[in-house]
Structures are given as C-alpha cells and as structure tokens.
Amino acid sequence: MYASLPDAAGPQVSVIVDGKPVAVPAGASVAAALLLAGAVPSRANPVTHAPRAPYCMMGVCFECLVEIDGIPERQACMIAAAEGMRVRCAPRSSPPERS
Amino acid sequence: MAMNADAIVVGGGLVGSAIGYGLACEGLRPVVLDEGDVALRASRGNFGLVWVQSKGLGNPPYQRWSRTSSELWPELAERLRTETGIGVGHHRPGGVCVCLTDEEFGAREQMMHAMRSQMGEDGFDYRMLDRGELKELLPGIGPAVVGGSWSPYDGHANPLYTLRALHAGLAARGGRYVPEAKVQTLSAASGIFTAATAHGRFQAPRLVLAAGLGSAALAAQVGLHIPVFPVRGQIIVTERIAPLLRMPTLILRQTDEGSVMIGESREEGRNDDQSGIEVVHRLAARAVATFPLLAGVRMVRTWAALRVMSPDGYPIYEQSESCPGAFAATCHSGVTLAAAHALRYAKYVAQGSLPEEFQVFHSRRFGSDVRLAS
Ligand SMILES: Cc1cc2nc3c(=O)[nH]c(=O)nc-3n(C[C@H](O)[C@H](O)[C@H](O)COP(=O)(O)OP(=O)(O)OC[C@H]3O[C@@H](n4cnc5c(N)ncnc54)[C@H](O)[C@@H]3O)c2cc1C
Ligand code: FES
C-alpha cells in the first residue's frame, strides 16, 4: 500500500481529469492527482448528496471513488496515476432506477 | 491485587455487552472482560438483522423471547442514544423473506402457518405476499421473485454502533469494559467468583459467562455447560447507493449509509473466518435474482465470521447449580436478542434467578449426547 514519496522534480505523467490534462509526479495516486488538480469535491454521497473528496488516502474511507477509464466507483487512492488515464469525478448523476 | 465489582461478565461481544449494560442499568457496577482482537468475534462480523419471523418453530418460548426483544429494541436504541449520543441505526419497518420458486413459497407458507399456530392466543402477525403485493413493498424486485412472507416484527440495526453504544453506556453508568483481558481460569469460593486474566484477578459475587465460542472451555469451571460450536457465515457489502430497500429481507438489507449488505450463508465444520468465492458467488447470484439492479452495483468487501451455535440452534441460558451466582448466556442471534438481554436477562441476573419458563433454555436438554465445540 505504501510507496516512497514521489519526487516532485522527477518524471511526470499526464492524466485527464474531467477533460483537462493534469501533470502529476509519476507514481502518485489518482487521489493525489485529484487534489493536485483541485478537482474537489470529487463525488457526492449517494444517500445524503453531501460533497466528498479523498480523505484517508489509504483505502479505508471509500470517499475517493471516481470513474477511471470508464470504470465507475474505483478507489482513487489505491490506483497509481498513469499516462493518458481518464478520470471522471462527476458524482453518480442519478440514483439507480427503480424498476 | 484483586479488583472488585458487583458482577463479572466474561465476553465483550453483543451478548456480554448487552448484559453488562443491563446490569449497570440495574444499579450494579459490572466489569466486562474481553479477550480482544485475536478472538473469533461474531459481534464484529454479523449481518445486523433484528429478525423474528422465522425464529422458534417447535420452541414457543424462543419465539416469544425473540419477539419480546424486537418489541424492546426501540427502547434500547432510544436509551443508548440519550445516554451515549450514539445512534445505532435501529429501524423496525417489518421484514420480508423473498421466495424465488413456488417450492420455496410453499414451504415458507407452511412454516409461517405453523409459527402462528404454536403462538396460540398470543397471535402472530404475518402475511404471505404474492409477487404484486411484494412489489409494492419492494419496488426493485426482479422477474424471478415469486412472492414472500412479511411480518411487522422484523427490523435491523448497525451491530458495530450497537456494540460501541453498549460499551459507552456501560461506562457512563459506572461499569467497566476491560479489553485484552482473556479469562484463563474461573473459580468460586464462599460465593465470590474469581476470574484470572493477564491483567490480574477480578472478583465479584455474580458471574455471567457470555464469551461466545470461548465459553465452551470455561463453563465447567463454574458448573455450567455451554456446548457451542462455530458455523461460518459470509457477507458481501456493496458501494453506497441511493435508498433502494425500504425494509430488510432475510438476505439483503441496506444500511443508513447506503451500503447494501448481502448475507445468510451457513457452513458447518469450519473453524476459520476465511471467505471464499463459491459462497460469495451464490450470495451475489441470489441477490441479483432478487434485485436485478444490484448487478450494476460494485462490491466493496466480503468477509466471513463464525456464528456461535448450540446443538439445536436455540439459546443457552442457565444458572449454575453448584455455584448459584453464575449464569450462562449464549445465542445464535445476538443482535436480535440484544434488547432482551439488556432490559430483561440482566434483571434476572441482578435478582439472582432465572424465571421458570427459562427451563427450556437449560443445557440439560442436550443430555450427555452433546457435540463439543472443536
Ligand atoms: C455472518 C453472521 C451473520 C449474523 N447475522 C446475524 C443477524 O443478522 N442477526 C442476529 O441477531 N445475529 C446475527 N448473527 C449472530 C450474532 O452475531 C451472534 O449471535 C452474536 O454476535 C454473538 O455474540 P456473543 O457476544 O455471544 O459472541 P462474540 O461476538 O463472538 O463475542 C464473544 C466475546 O468473548 C470474548 N472472549 C472469548 N473467550 C474469552 C475469554 N476466555 N475471556 C474473555 N473474553 C473472551 C471474545 O473476545 C469476544 O469478544 C450473525 C453471525 C454471523 C457470524
Ligand atoms: S481516500 Fe479513503 S479510501 Fe481512498
């Protein structure tokens, strides 16, 4: 789970957060990229609709869920940012339908 | 150094904590001794139902006791909220057992009918709902659902908040919870019980053995008999979603925070709390057949925990004959019975004897042909 701090002056990767490219240190987590990009709040709580953002940064709180490369509800703090990765912060727009 | 209390409760799970809190409500100063994180602890891994509708066929006192607890739950939840500030997420909207085939429905109907018959004039409120009626209660059900049984007594609560609130309530009323205090030996002399732990010896004139699976090994030292064994259960929890389930079902419930819990598996002969893909797959498949929408919802975590089971599945409550101040308490449904344990069972312990109708819960019903916990 833990890795050495990425060197801010070292190599960078570019990820697309809500359509905008953001340069982040290679090895940083997607959650770190969200914070660097100022992309907070990154979701809304599906029950209360309260705004949420990465919080624990270690896989425990599940407040950092975002869509990554088309897959929804991924834990941004547990995934390393990679070149060209597409991250979508938009909270789940509507509650699941009731059939 | 001996530390004195009015009562020693061995085990700080839902059963021991509810009784400890209840004893404190009776004006006693109990000490609750708990082994700690290394122990197998059902109270930390259960499903959270306060469930009545299918409990006690063939055992009317158990059926009544479960219902009493469900009726006392609002009082317990409210007390805990005012005394500790902790809301335990208790709701009593009624509950449903969903049937996916006509056979399941038929068997359920028979069972519910028998449950009502054995309650006699106490009555037993339930209804068998066909698909259309069930859809009104639970709009998300899928085409595979045939119908289900509904009863007004069922509900659910957050078991972890409940445990925390019981501990806080105990402390607020002058009792103590001592973690990392595994009881190694129990002894009785001149009406005083001594529990020896790595944290020293604790002494009190009353003792309640409520150590879940740990009770089996300690019971004989104070003239009790608690032949419990583990039955593994597995649970899936999903991401939080907007409110979907208005009331709990036997295998699915939605928490206040939006997570959907999927449970109800039983595996005997397993002593470990590892979860495994086959059971998780079966649970998920049934959940999706019941609520197709769940197919698109992400699982966050799965886990397993060990139930504390007696040979016939009913609770064991007894008072020691050789050491009369010692009581046993263990049950298969510690969430359901938490309110009865806190607000009734603790009273009996404080008064010093169990009521006559509790004879059915005595371990002598197992005779000598008992299955020992492995
Ligand atoms: C998967 C699963 C789902 C369940 N779902 C439900 C449900 O929906 N509704 C419901 O009502 N019930 C449910 N249950 C059952 C419920 O969880 C248990 O009945 C209840 O938790 C038992 O509580 P307990 O205090 O007896 O045991 P435990 O929680 O196991 O606690 C025993 C405690 O004793 C301590 N201990 C052990 N040995 C010693 C010792 N020598 N000295 C000191 N302390 C000791 C341990 O540290 C432990 O904390 C479920 C159980 C499982 C496993
Ligand atoms: S920030 Fe807590 S789980 Fe990701």
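So you know, we letter chains A, B, ... as the sequences are listed, proteins then strands, and number each from 1.
No more than 12 heavy atoms of other residues, nucleotides or ligands shown are found within 6.0 angstrom of CZ on B:R164. Within a 6.0 Å radius of CD in B:E136, other residues, nucleotides and ligands contribute 12 heavy atoms or fewer. Within a 6.0 Å sphere centred on OH of B:Y126, other residues, nucleotides and ligands contribute more than 12 heavy atoms.
The shortest side-chain heavy-atom distance between A:I71 and B:R298 falls under the 4.5 Å cut-off. Using a 4.5 Å cut-off on side-chain heavy atoms (C-beta onward), B:E257 and A:V47 make no contact.
Remark: B:R240 CZ to A:E63 CD distance equals 6.0 Å, nearest 0.5 Å.
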